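Just so it is clear, the model here is predicted, and its values are computed rather than measured. Along the sequence shown, residues carry numbers from 1. Quick note: numbers below take in every heavy atom, side chains included, and nothing from hydrogens, waters or symmetry partners.
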Amino acid sequence: MPARSHAAGVFRRLAPDVRAAIRPLWNLPPLPGVAQEALTAGVGKYVGRVSAVSRHGGWTDAPCGGDAQFPAVDQALSIYCELGLLRPVTGPERTEARQTAAGETARRCLRGLGVRVRVTGEWDDRRGERVRSLLARTGAEVPVDLLLDMEAVLDGRPDASKEALCALDALMPLAAWRSVALLGGAFPQLTAGMLEGGSCERARAEWRMWHEVRATGRPYTPLLRYGDYGVQPPSALAQAPSTGKGGPSWGVLRYTTASSYLLFKTLPRGPDRIAVTRGAARRIVRLPEFRRAGAGGGEEWLSDCANGPLSTSEGMGGRREWLWAGNLQHMMYVVRSLTNG
């Protein structure tokens, strides 16, 4: 999840049992142009609020940004690991200095270290050797969690499960991993063309990957935990915080079903925005797969929006609320799908 206010708001609104089952991986957005002396405050602005809602633990990472910022960023993140319940994250592609800093933070906070291994295509054994070196540098006394990040997993990547298995087969023997999470993002970057007809549907390819990996019966599969990027693509993590109210002339309401992501076009401005946006919400609540208003805060918001009057935009929201509602319904549904088998 991005370490942003809308994501912290989603986490606060989750049902207690769902919130207790999740260990979020909070990603600091890039902070271009922020001076060194302002980085501590900049990191605190984003990570402070998500740390406050992570009462059951999780991880914090800074996957984007310039090399010159990292010493100050890593030092600022360490505060939330030492005083809060988050764990630091590093990865094999990062500099030795960053890996060492994360390992030292893990020793001080006594909660372990997340090792985030990105696999965007075929597994490369050289990456496994870099993970081996990282673990040797960290030391066997530090508990480690494997975060196998498959990044974007779409229909155009049919071998994702094979790629994940190759990576897991190589990485599992390298350490006594305390936990192992298989992460993937399923939805591509939205474009106006995708919503030209008012809606679009995409398969939940990362969900299919998860089940295909589990079905292999590897000895380690009972240890695997599921993770995804919510209803945004992995590329959203690299977007710097916006300073204005710009953006495209369209928006989107999102809904998750057993096999698909459904997206319906909304309008953030213009004379038709109320009718189009409430119409999008109505299309969702009329779906056979819609999980009644009482299923969670996301469904409740969608129902209220769908049933609101065309004479006012009250309760209709904007981009922030649409993203918030989409993530809320998605997270509630995915966690309960997992806990119910």
Between atom [atom1] of [X] and atom [atom2] of [Y], what is the distance when rounded to the nearest 0.5 Å?
{"X": "Leu302", "Y": "Arg282", "atom1": "CG", "atom2": "CZ", "answer": "12.5 Å"}
{"X": "Arg137", "Y": "Arg132", "atom1": "CZ", "atom2": "CZ", "answer": "13.5 Å"}
{"X": "Leu253", "Y": "Leu323", "atom1": "CG", "atom2": "CG", "answer": "11.0 Å"}
{"X": "Ser54", "Y": "Met1", "atom1": "OG", "atom2": "CE", "answer": "10.0 Å"}
{"X": "Leu77", "Y": "Thr60", "atom1": "CG", "atom2": "OG1", "answer": "4.5 Å"}
{"X": "Asp61", "Y": "Trp26", "atom1": "CG", "atom2": "CH2", "answer": "13.5 Å"}

Counting N and O atoms only, with roles assigned by atom type, does the side chain of [X] sit under 3.5 Å from a partner on the main chain of [Y], one being a donor and the other an acceptor?
{"X": "Thr266", "Y": "Gly251", "result": "yes"}
{"X": "Arg127", "Y": "Arg118", "result": "yes"}
{"X": "Arg98", "Y": "Asp74", "result": "no"}
{"X": "Gln189", "Y": "Pro233", "result": "no"}
{"X": "Arg157", "Y": "Ala152", "result": "yes"}
{"X": "Glu201", "Y": "Ser260", "result": "no"}
{"X": "Thr216", "Y": "Glu212", "result": "no"}
{"X": "Tyr333", "Y": "Ala258", "result": "yes"}
{"X": "Arg278", "Y": "Pro309", "result": "yes"}
{"X": "Trp123", "Y": "Gly128", "result": "no"}

Can you tell if the side chain of [X] reaches within under 4.5 Å of the side chain of [Y], non-hydrogen atoms only?
{"X": "Trp250", "Y": "Leu190", "value": "yes"}
{"X": "Arg208", "Y": "Arg204", "value": "no"}
{"X": "Asn327", "Y": "His6", "value": "yes"}
{"X": "Cys81", "Y": "Arg108", "value": "no"}
{"X": "Arg273", "Y": "Met316", "value": "yes"}
{"X": "Pro2", "Y": "Pro29", "value": "no"}
{"X": "Leu263", "Y": "Met194", "value": "no"}
{"X": "Val131", "Y": "Leu146", "value": "no"}

Establish whether Tyr220 and Leu338 are linked, either directly or via other cluster members, by ILVMFWY side-chain heavy-atom contacts under 4.5 Å.
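Yes; Leu338 is reachable from Tyr220 via cluster members.
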
Would a hydrophobic clustering, with Ile, Leu, Val, Met, Phe, Trp and Tyr connected at side-chain separations under 4.5 Å, put Trp322 with Val252?
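Different clusters.
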
Assess the residue pair Cys200 and Leu195 against the criterion (side chain to side chain contact (heavy atoms under 4.5 Å, CB included)); give the C-alpha distance rounded to whole Å, side-chain angles, the decisive distance to 0.1 Å, and a yes or no.
CA-CA 6 Å; Cys200 70; Leu195 295 172; 4.0 Å; yes

Between Thr105 and Glu82, do the side chains contain an N or O donor and an N or O acceptor separated by less than 3.5 Å?
no

Quiz question: by atom type and distance under 3.5 Å, do the side chains of Thr257 and Glu289 form a donor-acceptor pair?
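Their side chains do not contain a donor-acceptor pair, so the 3.5 Å distance test is not met.
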
Test side chain to side chain contact (heavy atoms under 4.5 Å, CB included) applied to Arg116 and Asn27, step by step:
CA-CA 12 Å; Arg116 188 175 191 172; Asn27 295 269; 2.6 Å; yes

Could you list the donor-acceptor pairs under 3.5 angstrom formed by side chains in residues 10-17, with sequence neighbours left out?
{"residue": "Asp17", "atom": "OD1", "partner": "Arg336", "partner atom": "NH2", "Å": "3.0"}
{"residue": "Asp17", "atom": "OD2", "partner": "Arg336", "partner atom": "NH2", "Å": "3.4"}

Heavy atoms only: give me the nearest Ala164-Val213 pair and the separation to one decimal.
CB-CG2, 4.1 Å

Can you name the closest pair of heavy atoms from Trp59 and Asp145 and give their distance?
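Heavy atoms of Trp59 and Asp145 come nearest at NE1-OD2, 3.3 Å.
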
Is it the case that atom [atom1] in [X] sees more than 12 heavy atoms from other parts of the structure closer than 6.0 Å?
{"X": "Glu196", "atom1": "CD", "answer": "no"}
{"X": "Glu141", "atom1": "CD", "answer": "yes"}
{"X": "Gln36", "atom1": "CD", "answer": "yes"}

Could you go step by step and tell me if Glu163 and Met150 meet the side chain to side chain contact (heavy atoms under 4.5 Å, CB included) rule?
CA-CA 9 Å; Glu163 296 161 0; Met150 302 299 292; 3.9 Å; yes

Taking only residues two or more places apart in sequence or in another chain, which ones pass side-chain hydrogen bond (donor to acceptor under 3.5 Å, both in side chains) with Thr100?
none

Under the 6.0 Å and 45° cation-pi test, does Arg283 pair with Phe264?
no

Can you tell me which residue among Tyr255, Tyr229, Tyr261 is in a ring pair (Phe, Tyr, Trp, His ring centres under 6.0 Å) with His330?
Tyr261

Assign the ring pair Tyr226 / Trp207 to parallel, tilted or perpendicular, where the plane angle (0 to 90°) is split at 30° and 60°.
perpendicular

From CA spacing to verdict: side chain to side chain contact (heavy atoms under 4.5 Å, CB included), Ser78, Glu104
CA-CA 9 Å; Ser78 71; Glu104 291 174 352; over 6 Å; no

